[in-house]
Amino acid sequence: MSEIISTDKAPAALGPYSQAIKLDSLLFCSGQIPINPATGAIEAVTIEEQTRQVISNLENVLKAAGLTLSNVVKTTVFIKDMNDFASLNSVYAEMFGETKPARSCVEVARLPKDVKVEIEAIAAL
């Protein structure tokens, strides 16, 4: 049986979906964008700032399930401009530390609210 995971420490869903779903030994986290959950606004401007906010939001969803970034086994990164890849990677590496989940990264034409980055994750319980 699945369980919906929700927290007010991450942005509320922008549509008909859950922040995360716990199923058996896995947590499936919906894509996070750089919305500041305290204000509901996108305050981060640079790719570095946006990546930091996105991963912070993801951390808070994981925390609501009793997990940390070290539990993440797979991420999918959606980036608006592949020219920002190195800058995104720098923040990603810093925040994930020794955790190096499997990852895909794709450039997309447009993201919700015209942000620069969105990241979804799968974590092991």
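If you read the sequence from its start, that first residue is 1, and numbering goes on from there.
Cluster membership check: Leu62 shares its hydrophobic cluster with Val54, using side-chain heavy-atom separations under 4.5 Å among Ile, Leu, Val, Met, Phe, Trp and Tyr. Linking Ile, Leu, Val, Met, Phe, Trp and Tyr residues whenever their side-chain heavy atoms come within less than 4.5 Å places Leu111 and Val106 in a single cluster. If you chain together hydrophobic residues whose side chains sit under 4.5 Å apart, Tyr17 and Leu23 never meet in one group. Criterion: ILVMFWY side-chain heavy atoms under 4.5 Å apart, direct or through other members. Under it, Met82 and Phe78 are not part of a common hydrophobic cluster.
One distance of note links CD1 of Ile5 with CD1 of Ile21; it measures 8.0 Å at 0.5 Å rounding. The CD1 atom of Ile42 lies 12.5 Å from the CD atom of Glu49; values are rounded to the nearest 0.5 Å. Taken from CG in Asp8 to CD in Gln19, the straight-line distance is 8.5 Å, to the nearest 0.5 Å. Rounding to the nearest 0.5 Å places CG of Leu58 at 6.0 Å from CG of Leu69. Between the CG atom of Leu88 and the CD1 atom of Ile119 there is a distance of 5.5 Å, given to the nearest 0.5 Å. The NZ atom of Lys116 lies 10.0 Å from the OG1 atom of Thr51; values are rounded to the nearest 0.5 Å.
Side chains of Pro34 and Lys113 form no contact here, defined as non-hydrogen atoms less than 4.5 Å apart. Inter-residue side-chain proximity for Val115 and Gln50 is flagged as met; some heavy-atom pair is nearer than 4.5 Å. Side-chain contact check for Val117 versus Ile33: every heavy-atom pair is 4.5 Å or farther apart. Within the 4.5 Å cutoff, no side-chain heavy atoms of Glu118 are placed close to those of Val108. Taking the side chain as every heavy atom from C-beta outward, Glu120 and Phe28 never approach each other to under 4.5 Å. Side-chain contact check for Glu43 versus Gln53: every heavy-atom pair is 4.5 Å or farther apart.
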Using the side chain to side chain contact (heavy atoms under 4.5 Å, CB included) rule, take Asp81 and Ile47 through it: C-alpha gap first, then chi angles, then the decisive distance, then the call.
-> CA-CA 10 Å; Asp81 184 351; Ile47 188 65; over 6 Å; no
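Scanning both residues, Leu26 and Ala124, for their nearest heavy atoms gives CD2-CA, 4.2 Å. The two residues Gln32 and Ala10 make their nearest non-hydrogen contact at OE1-CB, 4.2 Å. Considering every non-hydrogen atom in both Thr99 and Val72, the closest pair reads CG2-O, 4.1 Å. Here the shortest heavy-atom pairing between Ser6 and Ala64 reads O-CB, 4.1 Å. In terms of heavy-atom proximity, Pro37 sits nearest to Pro11 at CB-N, 3.8 Å. In this structure, Ser18 and Ser30 approach most closely via the heavy-atom pair O-OG, 2.5 Å.
Remark: Glu107 pairs with no residue by the salt bridge (Lys or Arg N to Asp or Glu O under 4.0 Å) rule, at least two apart or across chains. With sequence neighbours left out, Asp114 forms a salt bridge (Lys or Arg N to Asp or Glu O under 4.0 Å) with Arg110.
In this structure a side-chain-to-backbone donor-acceptor pair under 3.5 Å is present from Asn71 to Thr68. Asn36 places no side-chain N or O within 3.5 Å of a backbone atom of Ala41 that could act as its donor or acceptor partner. No side-chain donor-acceptor contact under 3.5 Å links Asp84 to the backbone of Ile79.
Relative to the six-membered ring of Phe96, Arg103 misses at least one condition, a distance below 6.0 Å or an angle of at most 45° to the axis.
Taking a 6.0 Å sphere around NZ of Lys74, one finds it holds more than 12 heavy atoms contributed by other residues, nucleotides or ligands.
Under the side-chain contact (heavy atoms from CB on, under 4.5 Å) test applied with Cys29, the options Asn57, Thr75, Val61 reduce to a single match, Val61.
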